[in-house]
Amino acid sequence: MSDTDNEKPKLGMRAPLGLKRTVETGQVKQSFSHGRSNTVIVETKRRRVLRPGDTPPAAPEPTPVPEAAPAPVEAKAPAPKPAPKPVSNLSAQERQALLLREAEEQRLNQQEETRRREDAERAAAAEEEKRRAEENRRAEEEAAKAPAPKKEAEEAKVAPKPEAEQVAEPAKAAEPAKPAEPAKKAAPEPAPAPAPAPAPAPVIELGRDPSMPAPRRFSPVARPEIPKPQPKPEPAPAPAPASQQSTPKESRAMPSGIPTPRNAPAGRSQPRDRKGDERRGGKLTVNRALGDEGARSRSLAALKRAREKEKRSYSGPREPQVKQVRDVQVPDTITVQELANRMAEKGADLVKTLFKMGMPVTVNQTIDQDTAELLVTEFGHNIVRVSDSDIDLVLDTTDDAPEAMKPRAPVVTIMGHVDHGKTSLLDALRGTDVVRGEAGGITQHIGAYQVTMKDKSQVTFLDTPGHEAFTQMRARGADVTDIVVLVVAADDGLMPQTIEAIAHTKAAGVPMIVAINKIDKHEANAQKIRERLLSEEVVVEAMGGDVQDVEVSALKKTGLDTLIEKIQLQAELLELQANPDRAAEGTVIEAKLDKGRGPVATILINRGTLKVGDVFVVGAESGKVRALIDDKGRQVKQAGPSMPVEVLGMSGVPSAGDPLQVVENESRAREVAEYRQSVLLEKRTTTAPASLETMFSALKDKQAIEYPLVVKADTQGTVEAIVASINKISTDLIRARVLNSGVGGITESDVTLAGASGAPIIGFNVRANAKAREIAERHQVALKYYDVIYDLIDEIRAGMAGELGPEAFETVVGRAEIKEVFSAGKHGKAAGILVTEGVIRKSLKARITREDVIIYQGEIASLRRFKDDVAEVRTGLECGVTFTQNFTDIKSGDFLETVEVEMRERTL
């Protein structure tokens with residue numbers, strides 16, 4: 001079927017229902033100051049205006065017609081039909097707002113009209129009262145001059161009062177009454193009236209309740225309207241016929257106090273308002289499309305400003321405010337805008353002042369502290385110079401009061417060479433067996449223990465490792481200790497780490513006790529040890545010195561009581577005391593990352609008492625004490641001076657040797673930790689100033705081969721020792737580079753980092769998790785596990801040497817002098833030589849030198865003697881040779897060397 005068939009009307013079809021279009025669409029062109037323009041499509045909706053007297057659409061109520069009172073015959077006429085309601089496109093909310101606004105306007109007008117009427121009645125009553133008083137006064141004066149007859153007086157009494165007086169009397173009677181509540185009205189007493197005249201309506205005077213606050217003078221404020229020309233009053237029109245009464249243009253009488261609506265229809269004589277005519281043509285603007293016929297209601301902010309202005313008018317003119325002088329904190333560098341904010345001044349004023357000083361700057365430019373001081377002084381403020389380092393905590397070096405000091409346990413550090421029996425001696429004192437659990441039989445961590453003696457006194461022992469890699473651990477142990485016990489094996493003598501321990505002890509300035517261990521062995525010689533100590537300026541008491549010595553055997557447990565007595569005697573001489581009633585201060589002995597507990601640090605309390613819940617700063621980390629664990633694994637509530645404890649609750653793993661300080665709150669702790677972290681980052685990223693030496697060293701580093709490594713260990717001290725040992729292995733040809741070092745197990749990020757650079761991962765007493773192992777297999781990353789430090793160092797050294805490859809060593813086998821040059825073939829040349837030293841072999845590499853300058857390096861192509869090919873020619877014989885690469889630049893007088901090359905494995 002065609003389209004025309006579909007358009008034909010069919011039987012039974014009716015036209016679709018619809019409404020007339022009530023939305024006018026137009027375009028508004030907007031022009032901007034920068035030259036661009038924009039076209040906006042605006043839709044205008046016709047507004048429905050509700051006239052006073054119209055029934056609101058929300059609740060239409062028909063007017064009931066009384067049936068009992070029929071209308072008279074003369075007034076019979078068809079009732080006027082209600083005017084058709086104008087079509088409105090307003091929404092329910094807009095109609096409700098419109099009705100509420102008009103109702104509020106009506107209420108305000110009614111209140112104003114009532115107030116005016118009451119004021120007029122009150123003024124009329126006052127005038128009447130004044131007139132009556134004046135008349136009474138004149139009447140009394142006349143009566144005094146000429147008294148009236150008795151009959152006239154009685155008639156005057158009986159005569160009715162005038163109407164005005166009767167109205168005024170109730171008002172007078174109501175005046176002395178007290179004002180009642182607004183909900184109640186005063187009932188005045190009716191005036192006695194002998195005449196049968198009707199009683200006048202009572203006049204009620206309304207007053208304000210003094211207990212209530214005075215009403216605001218400003219609110220509510222009616223919406224301003226545009227004044228329109230009022231039509232001239234016309235006489236009342238004649239009654240219109242019934243046909244005309246049903247038209248919508250019928251004039252309606254408005255009740256008193258209700259203002260005429262803006263859009264109410266006027267009479268025929270009213271001039272047409274061209275401005276408000278919506279049907280007129282012309283340009284459609286945004287105000288016309290969206291506004292309320294050009295009128296704008298007053299906003300809430302405008303009302304608030306008007307009330308504030310009214311209040312200020314009551315209080316009088318404002319006094320000029322006094323300039324407030326501020327204490328401005330100025331750091332080393334500050335921007336102009338930040339300085340203006342701290343001074344509460346305008347940034348433009350500061351820029352203007354700087355321009356006058358000859359400094360053309362902007363508000364975002366940084367100025368130094370001296371320039372900022374000039375600005376602060378210029379604007380009349382006080383400067384307070386601060387620095388970034390002021391954030392950091394300052395170590396409290398002041399001595400405590402003598403009455404607050406209490407005795408504390410001595411801290412004893414056991415030092416010496418590896419495998420001299422330090423841990424075994426400490427096990428004998430503690431009654432434990434720590435040695436059995438150590439890998440390789442050597443101590444690789446610093447340990448802290450507190451031992452209770454037979455007399456209930458306590459001694460804190462620090463066990464330091466004796467391997468050469470743990471120099472920093474031994475130095476830390478000597479710094480925090482009170483007494484050093486130097487353990488020397490009687491069968492071994494003084495070793496390098498023993499001498500190093502003596503140096504640390506002297507640097508720390510602490511007393512030393514020499515314990516000569518393994519005295520039970522047959523080859524033990526204690527006297528030899530005492531004599532050997534003289535070379536290190538350590539003189540024991542047996543040889544006239546002041547250093548105590550004792551012969552012990554950790555295996556047989558002999559001499560232990562004597563060692564304890566000497567330690568207690570030395571502690572009594574030192575008179576060790578500390579103040580436990582203050583904020584705790586301590587030192588990190590060792591730190592590690594535990595899988596279940598997080599960062600854990602072994603802290604030795606120097607003074608004060610550390611309690612659970614204290615907020616502290618340790619190095620570049622902060623935290624709150626969650627738990628305190630002693631050396632026996634028991635949880636304690638607090639730790640006093642000289643007590644080693646494990647602290648849980650830190651934000652990260654601190655470095656060994658960092659100081660611990662308790663602060664007042666967590667925000668202060670975080671602030672100090674962030675500042676210290678920024679200082680460490682600046683140290684790592686800051687480059688040294690360029691010089692010739694640094695440039696040449698940088699070139700040499702570039703020439704060296706890099707051997708990347710990732711190091712993970714169980715404690716922070718072990719990480720330091722491993723990294724320091726690896727750096728010592730580096731040479732000019734190959735240099736070890738530690739990409740990352742940390743505490744804890746091997747994670748996915750470590751494997752990813754190592755895979756990107758092709759580095760092996762070194763794990764010391766730690767292992768990789770399952771996910772890390774899977775990634776390592778995928779990326780072919782080598783995971784190497786160690787539990788003894790010297791095995792680790794040996795393998796890294798071998799790996800670095802293997803990275804360099806074998807080393808070539810040359811040995812000169814024979815030398816010969818070229819006597820004559822002959823032609824060999826069309827283009828080649830042969831040299832006739834005389835062997836002067838060694839042997840000339842055909843399979844060896846050859847070098848030709850001319851005036852000690854090498855002009856050829858290669859191999860001998862042929863070696864002949866009397867036209868016979870030979871393998872070698874010895875000293876004193878002559879022969880002829882040709883060279884590879886068709887070398888022909890041969891002259892008489894040159895020298896030939898044959899070299900044998902030997903490849904050897906490299907060692908670092």
Side-chain angles (χ1 to χ4, degrees), residues 50-54 56 97-133 162-191 198-228 230-231 233 252-264 295-300 302-315:
L50 296 178
R51 298 176 178 82
D54 292 350
L98 178 63
L99 292 175
L100 291 176
R101 185 163 60 248
E102 291 181 354
E104 182 68 16
E105 291 176 357
Q106 292 178 8
R107 187 182 64 81
L108 292 176
N109 291 336
Q110 289 177 357
Q111 289 181 356
E112 184 67 20
E113 186 176 350
T114 302
R115 186 184 61 79
R116 291 177 182 174
R117 186 170 62 251
E118 290 176 355
D119 291 346
E121 291 174 357
R122 195 180 296 109
E127 290 293 334
E128 183 65 21
E129 182 68 22
K130 187 176 180 182
R131 185 184 62 77
R132 287 183 58 189
E163 184 179 355
E165 295 180 5
Q166 292 177 2
V167 174
E169 282 183 1
K172 182 179 179 182
E175 283 180 2
K178 295 182 180 180
E181 296 180 0
K184 299 179 181 180
K185 297 183 180 180
E189 297 179 0
V203 179
I204 301 173
E205 181 181 359
L206 299 177
R208 183 178 63 82
D209 188 358
S211 62
M212 300 296 291
R216 293 185 296 185
R217 294 180 58 188
F218 188 81
S219 61
V221 178
R223 184 180 62 185
E225 297 182 358
I226 299 176
K228 297 182 178 179
Q230 300 295 333
R252 300 174 182 175
M254 303 300 296
S256 176
I258 300 177
T260 303
R262 187 179 306 151
N263 295 331
R296 297 177 60 187
S297 60
R298 203 163 190 180
S299 64
L300 183 60
L303 294 177
K304 289 183 179 180
R305 288 194 298 269
R307 289 171 187 167
E308 292 294 334
K309 186 176 180 181
E310 186 179 0
K311 290 180 182 178
R312 288 196 298 269
S313 65
Y314 291 154
S315 60

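Quick caveat: nothing in here was measured; it's all calculated off a predicted structure.
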Once rounded to the nearest 0.5 Å, what's the spacing between atom CZ of Arg305 and atom CG of Leu300?
10.0 Å
Holding to side chain to side chain contact (heavy atoms under 4.5 Å, CB included), I want the full list of residues that pass it with Glu127, two or more places apart in sequence or in another chain.
none
Does any non-hydrogen side-chain atom of Gln111 lie less than 4.5 Å from one of Thr114?
no
Can you name the one residue among Glu105, Gln110, Glu104 that meets side-chain hydrogen bond (donor to acceptor under 3.5 Å, both in side chains) with Arg107?
Glu104
Going by the rule salt bridge (Lys or Arg N to Asp or Glu O under 4.0 Å), which residues pair with Arg115 if we only count those two or more places apart in sequence or in a different chain?
Glu112, Asp119
Sorted by chain and number, sequence neighbours left out, salt bridge (Lys or Arg N to Asp or Glu O under 4.0 Å) with Arg117 holds for none
